[in-house]
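Notes follow the structure.
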Amino acid sequence: MILAWSGAFVTVTWSPDNHQQVLELGQCTTLWAQLGRPLMDLLYCHVFRGFQPQLQLLLGLFCLWGMGRLLGSLWQLNRAESLLLLAWITTFPFLVNVFGFETGKFSIPLAYLLTTCAWLLVSRRSGWLFWCAPLLLAAALSLYQTSLNLLVVVAMLSVVFGARLLQTLSRLLWLAGPGVLLYGITAELMRWWLQAGYNTRYAAMGGPETPLGFLRQLKDIAGHYKHLLLPGHALLPPITGVCVVAAAALVLCRRGRPRLVPLAAAAVAVWTTDLPVAGSLLGTGYRHIYPVVLVFAALCILALRQGRQQPRLTMGLAGLYAITIAAFVIVDNSWAFDTHRLAVFDMAVAQRLAQTIEASPHHSPGQPLLITGALRPAARPPGLQPRGFDVLGSGLDNPGAARALLRSLGLQFSDPASAPPGRCQALLPAPRPVVTSPGCTVVDLSQL
């Protein structure tokens with residue numbers, strides 16, 4: 001865990017998304033309340049009063065550790081199985097992406113921990129605390145709406161590990177119904193009270209999903225698992241697919257328990273929030289399907305139980321799992337190394353751009369700056385090509401991050417909207433990376 005987390009520290013420190021969040025979104029514009037995450041505004045604007053990625057990383061990792069310990073207790077795993085679950089949760093390569101994008105340093109793991117605590121209270125029916133469970137779920141959804149995905153996955157896997165199906169479904173409905181309703185009311189009230197504006201993601205809603213649409217979604221989910229398990233995935237080492245497929249093969253060979261229907265339901269439930277409504281409310285991204293780690297870990301634990309009576313099989317599985325976790329650590333740290341290299345490259349290019357802008361006879365401090373385009377993959381240093389959505393990003397991949405990067409170097413400029421009408425647009429298309437005029441400066445990242 002220490003080896004994996006050290007790589008995550010380097011990644012979050014040098015991630016270009018951090019530049020953008022620290023210098024632009026850190027100004028508390030009620031963006032998250034608008035998108036239905038009011039507790040995120042509270043967390044970042046009033047509790048942290050800034051970004052502080054390293055502190056949030058530590059807190060987030062502690063939340064993931066707590067989630068793993070609670071699930072190990074809930075599912076009554078032995079010490080070896082609990083350790084295996086914890087290793088998957090805290091070293092899975094998606095971890096870097098969960099912590100490396102869209103201010104997800106602490107809010108997402110905290111939401112996962114609150115969701116797990118809510119399910120634990122419902123499962124154990126512990127006195128008056130039982131009635132606090134919907135409040136915890138509503139709080140988790142106010143931090144990250146796909147906590148509902150995690151909840152359904154945990155519930156289905158609880159059935160796999162011995163809970164009664166009907167009892168689990170009744171508890172799930174009792175928790176999810178009031179929790180989602182309470183979340184919806186409070187999120188909309190906060191959006192109205194803070195005057196955060198219309199939630200633009202509502203435009204993606206296309207009504208209830210049709211049966212044919214649901215089948216298409218199931219086909220997409222199957223295709224996604226195929227993409228996850230085949231070698232060559234942008235985020236996972238090749239050994240991951242071998243490990244999960246080998247574990248799944250052993251589990252499928254067993255009749256009766258483990259219950260395969262709830263196991264399959266858990267695999268589909270990773271996409272819970274996308275299934276009932278045509279059109280995703282949450283966008284896309286690998287961080288949205290982080291709960292898949294619980295499905296993969298459960299398969300490995302069940303396969304380990306399958307091989308208990310065969311010492312050689314048990315030793316083989318243990319070796320395979322150890323190699324997989326080691327590969328996770330290597331991938332996490334390779335991202336850290338490449339992210340640092342890319343950050344050094346970005347800083348050098350940004351300094352050159354800043355010097356070119358300041359050396360122009362037309363430049364003056366506070367002048368409007370318009371940034372367009374994106375860094376071409378061919379212009380990156382060798383070996384640092386993008387590896388997928390939100391992975392190995394450059395600070396020059398989009399205008400927002402580039403503006404934050406130039407601002408972090410001390411370059412003073414204003415929004416292009418403050419320029420005289422048409423002044424900046426008259427310089428487009430830019431024949432070179434930097435074009436200046438008395439009233440505006442244009443930077444075309446695609447010309448770098």
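Quick note: numbers below take in every heavy atom, side chains included, and nothing from hydrogens, waters or symmetry partners. Index from 1, following the sequence.
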### Query
Relative to each other, are the rings of His224 and Trp271 parallel, tilted or perpendicular (30° and 60° limits)?
tilted
### Query
Parallel under 30°, tilted from 30 to 60°, perpendicular over 60°: which one fits the rings of Trp88 and Phe92?
tilted
Are any side-chain N or O atoms of [X] and backbone N or O atoms of [Y], one a donor and one an acceptor, separated by less than 3.5 Å?
X: Glu358; Y: His363; result: no
X: Asn333; Y: Leu3; result: yes
X: Trp5; Y: Thr90; result: yes
X: Ser360; Y: Ile357; result: no

Quick one: does [X]'s side chain get under 4.5 Å of [Y]'s, heavy atoms only?
X: His362; Y: Pro438; answer: yes
X: Leu43; Y: Leu39; answer: no
X: Thr168; Y: Trp119; answer: yes
X: Leu375; Y: Val349; answer: no

Nearest heavy-atom pair of [X] and [Y]: which atoms, and what distance?
X: Thr339; Y: Thr11; result: CG2-O, 4.0 Å
X: Leu64; Y: Pro109; result: CG-CB, 4.1 Å
X: Val153; Y: Pro291; result: CG1-O, 4.1 Å
X: Ser107; Y: Met40; result: OG-CE, 3.7 Å
X: Leu236; Y: Leu228; result: CD1-O, 3.6 Å
X: Asp332; Y: Ala4; result: OD2-CB, 3.6 Å

### Message
Just to verify, which of Asp346, Asp397, Asp338 counts as forming a salt bridge (Lys or Arg N to Asp or Glu O under 4.0 Å) with Arg380?
### Response
Asp397
Rounded distance [0.5 Å steps], [atom1] in [X] versus [atom2] in [Y]:
X: Ser123; Y: Leu74; atom1: OG; atom2: CG; answer: 5.0 Å
X: Ser147; Y: Tyr183; atom1: OG; atom2: OH; answer: 9.5 Å
X: Tyr144; Y: Asn149; atom1: OH; atom2: CG; answer: 8.5 Å
X: Leu85; Y: Leu294; atom1: CG; atom2: CG; answer: 6.5 Å
X: Gln367; Y: Thr436; atom1: CD; atom2: OG1; answer: 7.0 Å
X: Phe62; Y: Leu113; atom1: CZ; atom2: CG; answer: 8.0 Å

### Task
Show your reasoning for whether side-chain contact (heavy atoms from CB on, under 4.5 Å) applies to Leu369 and Leu406.
CA-CA 10 Å; Leu369 175 65; Leu406 290 171; 4.0 Å; yes
### Neighbour count above 12 (heavy atom, 6.0 Å) for Arg341 CZ
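Yes - once you tally the heavy atoms of other residues, nucleotides and ligands closer than 6.0 Å, there are more than 12.
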### Query
Where do Arg216 and Leu212 land on the side-chain contact (heavy atoms from CB on, under 4.5 Å) test, with the steps shown first?
CA-CA 6 Å; Arg216 280 195 301 269; Leu212 287 178; 4.1 Å; yes
#### Entry: Leu150 and Met67: CA distance, side-chain angles, deciding distance, side-chain contact (heavy atoms from CB on, under 4.5 Å) verdict
CA-CA 11 Å; Leu150 182 80; Met67 182 181 78; 4.0 Å; yes
### Query
Run the side-chain contact (heavy atoms from CB on, under 4.5 Å) check on Met347 and Leu405 step by step: do they pass?
CA-CA 8 Å; Met347 193 64 68; Leu405 184 58; 4.1 Å; yes
### Task
Could I get the full list of disulfide bond (SG atoms under 2.5 Å apart) partners for Cys424, not counting sequence neighbours?
Cys440
### Message
Could you check, using the six-membered ring where one of them is a Trp, whether Trp174 and Trp131 have ring centers closer than 6.0 angstrom?
### Response
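Yes - the distance between ring centres of Trp174 and Trp131 falls below the 6.0 Å cut-off.
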